[in-house]
Amino acid sequence: AAASGLPVICTDVGVARELVKSGETGFIVPGEPGEISKKIMELGDSVTRKDFGRTIQKRVENNFGWNKIMKDYLALYESL
């Protein structure tokens, strides 16, 4: 979803800490239905949704895209 430019609503587990910046690329929320619902409603605003989407898409590409992966692998190989 993030790579496609969709903001993410998630709990604070796994890669979420690295990918989602709450209030910038989506929301990290506790697993409470009321809080999740509130954040879904906030993303109902098309300007917010598009801004978050562009930001998270860039974040995915810069930190998890193939260019970054290959750069990291090359650095690892060169260090050996």
Side-chain angles (χ1 to χ4, degrees):
S4 296
L6 296 174
V8 174
I9 300 172
C10 60
T11 57
D12 190 17
V13 297
V15 74
R17 292 176 203 103
E18 296 177 46
L19 183 61
V20 178
K21 295 296 180 191
S22 204
E24 293 179 29
T25 62
F27 299 104
I28 297 178
V29 298
E32 300 170 10
E35 189 64 25
I36 294 168
S37 174
K38 179 180 166 189
K39 297 306 180 187
I40 290 170
M41 296 302 291
E42 285 185 43
L43 290 178
D45 176 68
S46 64
V47 173
T48 300
R49 189 175 56 253
K50 288 176 184 176
D51 286 347
F52 282 21
R54 280 190 292 271
T55 303
I56 201 165
Q57 191 171 35
K58 289 177 189 173
R59 186 172 180 79
V60 167
E61 179 150 342
N62 292 339
N63 295 301
F64 304 98
W66 283 113
N67 288 336
K68 169 74 166 126
I69 291 168
M70 293 310 299
K71 183 188 283 187
D72 290 349
Y73 273 122
L74 287 172
L76 173 64
Y77 292 142
E78 289 171 358
S79 73
L80 298 176

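- For the atom pair CD of Gln57 and OG1 of Thr25, the computed distance is 12.5 Å after rounding to the nearest 0.5 Å.
- Judged as a side-chain contact (heavy atoms from CB on, under 4.5 Å), and not counting sequence neighbours, the contacts of Lys38 are Glu35, Glu42.
- Through side-chain heavy atoms spaced under 4.5 Å, either directly or across other Ile, Leu, Val, Met, Phe, Trp or Tyr residues, Val8 is tied to Val15, Leu19, Val20, Ile28, Ile56, Val60, Phe64.
- The hydrophobic cluster of Val13 has no other members, since no ILVMFWY side-chain heavy atom comes under 4.5 Å of it.
- With sequence neighbours excluded, the residues that form a side chain to side chain donor-acceptor pair (under 3.5 Å) with Arg54 are Asp51.
- Under the rule for a side-chain contact (heavy atoms from CB on, under 4.5 Å), Ser37 has no partner lying at least two apart in sequence or in another chain.
- Hydrophobic cluster of Ile40: the remaining members, joined at side-chain heavy-atom separations below 4.5 Å, are Ile9, Phe27, Val29, Ile36, Leu43, Phe52, listed by chain and number.
- Here side-chain hydrogen bond (donor to acceptor under 3.5 Å, both in side chains) pairs that include residues 2-16, with residues two or more places apart or in two chains, are Asp12-Arg17.
- Judged as a side-chain contact (heavy atoms from CB on, under 4.5 Å), and not counting sequence neighbours, the contacts of Ile69 are Trp66, Tyr73.
- The hydrophobic side chain of Leu74 is isolated, with no ILVMFWY side chain under 4.5 Å apart from it.
- Nearest heavy-atom pair across Ala16 and Cys10 is CB-SG, 3.5 Å.
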Audit row: Arg59, Glu24, side chain to side chain contact (heavy atoms under 4.5 Å, CB included) steps and yes/no: CA-CA 11 Å; Arg59 186 172 180 79; Glu24 293 179 29; over 6 Å; no
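- When the side-chain contact (heavy atoms from CB on, under 4.5 Å) test is applied to Lys68, the partners found at least two apart in sequence or on another chain are Asp72.
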